[in-house]
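The basis for the numbers below is simple: all heavy atoms, side chains too, and nothing from hydrogens, waters or symmetry mates. For reference, positions follow the sequence shown, starting with 1.
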Amino acid sequence: MQKLGLIAGGGNLPVEIAQHCERAGRPFFIVRLKGFAGEEIARFPGEDIGIAELGKCFKALKRAGCRAVTLVGTVDRPDFKSLTPDLRGLMALPGVIAAARQGDDALLRQLLGEFEKEGFVVEGAHEVMGDLTLAAGPLGAVAPTDEQMADVQHALRVARAIGQLDVGQGAVVCEGLVLAVEAQEGTDAMLRRVAELPRNIRGSADAPRGVLAKAPKPIQETRIDLPTIGLGTIQRAAQAGLAGVAGEVGRLLVLDREAVIALADELGLFVVGVEPPSAP
């Protein structure tokens, strides 16, 4: 079993992966990205390293005996002018900046390529921890109606369409009407916008309508940045008056799965997995 180097940004996912490695007996080492990784990851073995300190990062991983890496957690797009790269980071910076101009997916592929140049095998979070992703059908006790499934399918089509343009991963649809699409602001901000829309075009707590759907970009490198939902997603979907949340089978990460199921059931929201379209 290869020792895993966990490149950790913010949020709960790095902690879930670390805990999974502990349960599975897989050795691991954390690279905690300065300014992004949360305090909760500090208890695991690792080192604090700046986002542009690639040389320091690679040396730490190799010194720890890591042969595989996974990049997980939230990392905001940096202001490249404010970065203080080391020599290896400086060598990579022109390519990274050029890729960033092509969009987030190109940027992520460029970063993965830097790790692969150093001989590391890159694993997706869903490959490290297989039960992270959404299965087919309802996740909890609440199932969508046929009418709600029509919104699910339409929202997934919209999410894939904006993904093709490298815009975002999510969309909200209510009775066939597109209420919002996700861009750089992220899912939480999009749901807050939906909650501020007029009541006649969206649902409410006593009469939920509509759905949030998330799908990976068709151009996306699936080893990094798969769509993710967690407790906050369910809470904000309910606050926006939505009836449920949907994603593609095997292509949506569910954080705090048991807690998500319990909260969705309590709030009366469905969480459903839909098979992705077949490749042409």
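In this structure, G55 and D86 approach most closely via the heavy-atom pair N-OD2, 3.0 Å. The two residues A238 and L267 come nearest to each other via the heavy atoms CB-CD1, 3.8 Å. Nearest heavy atoms, L93 versus P85: CD2-CG, 4.3 Å. Closest of all the heavy-atom pairs between A60 and E47 is CB-OE1, 3.6 Å. Residues A125 and L253 approach most closely at CB-CD1, 4.3 Å, considering heavy atoms. Closest non-hydrogen pair, Q148 versus A143, comes out as OE1-O, 4.3 Å.
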May I have the step-by-step check of side chain to side chain contact (heavy atoms under 4.5 Å, CB included) for L177 and V173, ending in yes or no? CA-CA 5 Å; L177 182 66; V173 169; 5.9 Å; no
Full working for salt bridge (Lys or Arg N to Asp or Glu O under 4.0 Å) between R251 and E275: CA-CA 9 Å; R251 291 155 66 87; E275 293 289 347; over 6 Å; no
May I have the step-by-step check of salt bridge (Lys or Arg N to Asp or Glu O under 4.0 Å) for D166 and K217, ending in yes or no? CA-CA 7 Å; D166 200 9; K217 301 169 185 175; 2.6 Å; yes
Trace of the salt bridge (Lys or Arg N to Asp or Glu O under 4.0 Å) decision for D188 with R236: CA-CA 7 Å; D188 290 351; R236 290 180 181 87; 3.4 Å; yes
Salt bridge (Lys or Arg N to Asp or Glu O under 4.0 Å) evaluation trace for E114 with R88: CA-CA 10 Å; E114 296 297 330; R88 181 63 178 81; 2.8 Å; yes
Let's go through L33 and V31 carefully: what are the C-alpha distance in whole Å and the side-chain angles of both, what is the deciding distance for side chain to side chain contact (heavy atoms under 4.5 Å, CB included) to 0.1 Å, and is it a yes or a no? CA-CA 6 Å; L33 296 177; V31 171; 4.3 Å; yes
Might you work through the side chain to side chain contact (heavy atoms under 4.5 Å, CB included) test for R26 and H20, ending with a clear yes or no? CA-CA 8 Å; R26 182 174 186 177; H20 169 77; over 6 Å; no
Evaluate side chain to side chain contact (heavy atoms under 4.5 Å, CB included) for I7 paired with V72, printing each intermediate quantity in order. CA-CA 6 Å; I7 317 302; V72 291; over 6 Å; no
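Using a distance-only test at 3.5 Å, with no hydrogens or angles considered, no donor-acceptor pair links the side chain of D48 to the main chain of K34. Looking at R257, its side chain does come within 3.5 Å of a backbone N or O of L132 through a donor-acceptor pair. The backbone N or O of D256 sits less than 3.5 Å from a side-chain atom of E16, completing a donor-acceptor pair. Under the 3.5 Å distance criterion, the side-chain polar atoms of D265 are left unmatched by any main-chain donor or acceptor of G140. Not one N or O on the side chain of E22 forms a donor-acceptor pair closer than 3.5 Å with the backbone of Q19. Checking side-chain atoms of E185 against main-chain N and O of A183 turns up a donor-acceptor pair under 3.5 Å. Side chain of R209 to main chain of R202: a donor-acceptor pair is present (N/O by atom type, distance under 3.5 Å, no hydrogens or angles).
Contact of the T70 side chain with the V122 side chain is not registered, since no non-hydrogen atoms from C-beta on lie closer than 4.5 Å. Looking only at side-chain heavy atoms (C-beta outward), V181 and V167 stay at 4.5 Å or farther from each other. With a 4.5 Å cut-off on side-chain heavy atoms, L134 and V249 do not count as touching. A heavy-atom distance below 4.5 Å is not found between the side chains of L6 and V128. With contacts defined as side-chain heavy-atom distances shorter than 4.5 Å, the pair K62/E118 qualifies. In this structure, the side chains of V211 and V172 stay at 4.5 Å or more apart for every pair of heavy atoms. Side-chain contact between V254 and T133: absent, with no pair of heavy atoms (C-beta onward) separated by less than 4.5 Å. When side chains are defined from C-beta on, R23 counts as touching M129, because their heavy atoms get closer than 4.5 Å.
For the atom pair NZ (K3) and CG (L61), the distance works out to 9.5 Å, reported to the nearest 0.5 Å. Note that CG of L263 and CG of L269 are 8.0 Å apart. Values are rounded to the nearest 0.5 Å. The distance from atom SG of C174 to atom NE2 of H154, rounded to the nearest 0.5 Å, is 11.5 Å. Interatomic distance, Q184 CD to M190 CE, rounded to the nearest 0.5 Å: 13.0 Å. Separation of atoms CG (L226) and CD (E127) is listed at 9.0 Å; rounding is to 0.5 Å. Expressed to the nearest 0.5 Å, how far CG of L191 lies from CD of E196 amounts to 11.5 Å.
The hydrophobic cluster containing L54 also contains I49, counting ILVMFWY residues as joined when their side-chain heavy atoms lie under 4.5 angstrom apart, directly or transitively. Placement of I229 and V272 in two distinct hydrophobic clusters is found when ILVMFWY residues are connected by side-chain heavy-atom separations under 4.5 Å, directly or transitively. Tracing side-chain contacts under 4.5 Å through hydrophobic residues (I, L, V, M, F, W, Y), one never reaches L179 starting from V152; they form parts of separate clusters. Transitive grouping of hydrophobic side chains (ILVMFWY, heavy atoms separated by less than 4.5 Å) keeps I17 and L231 in distinct clusters. In this structure, L252 is not a member of the same hydrophobic cluster as V274, with clusters built from ILVMFWY side-chain heavy atoms closer than 4.5 Å.
In summary, of the residues considered (R160, K214, R157), a salt bridge (Lys or Arg N to Asp or Glu O under 4.0 Å) with E248 occurs for R160 alone.
Ring centers of F58 and F115: under 6.0 Å apart, within the cut-off.
Between the side chains of T187 and E182, at least one donor N or O lies within less than 3.5 Å of an accepting N or O.
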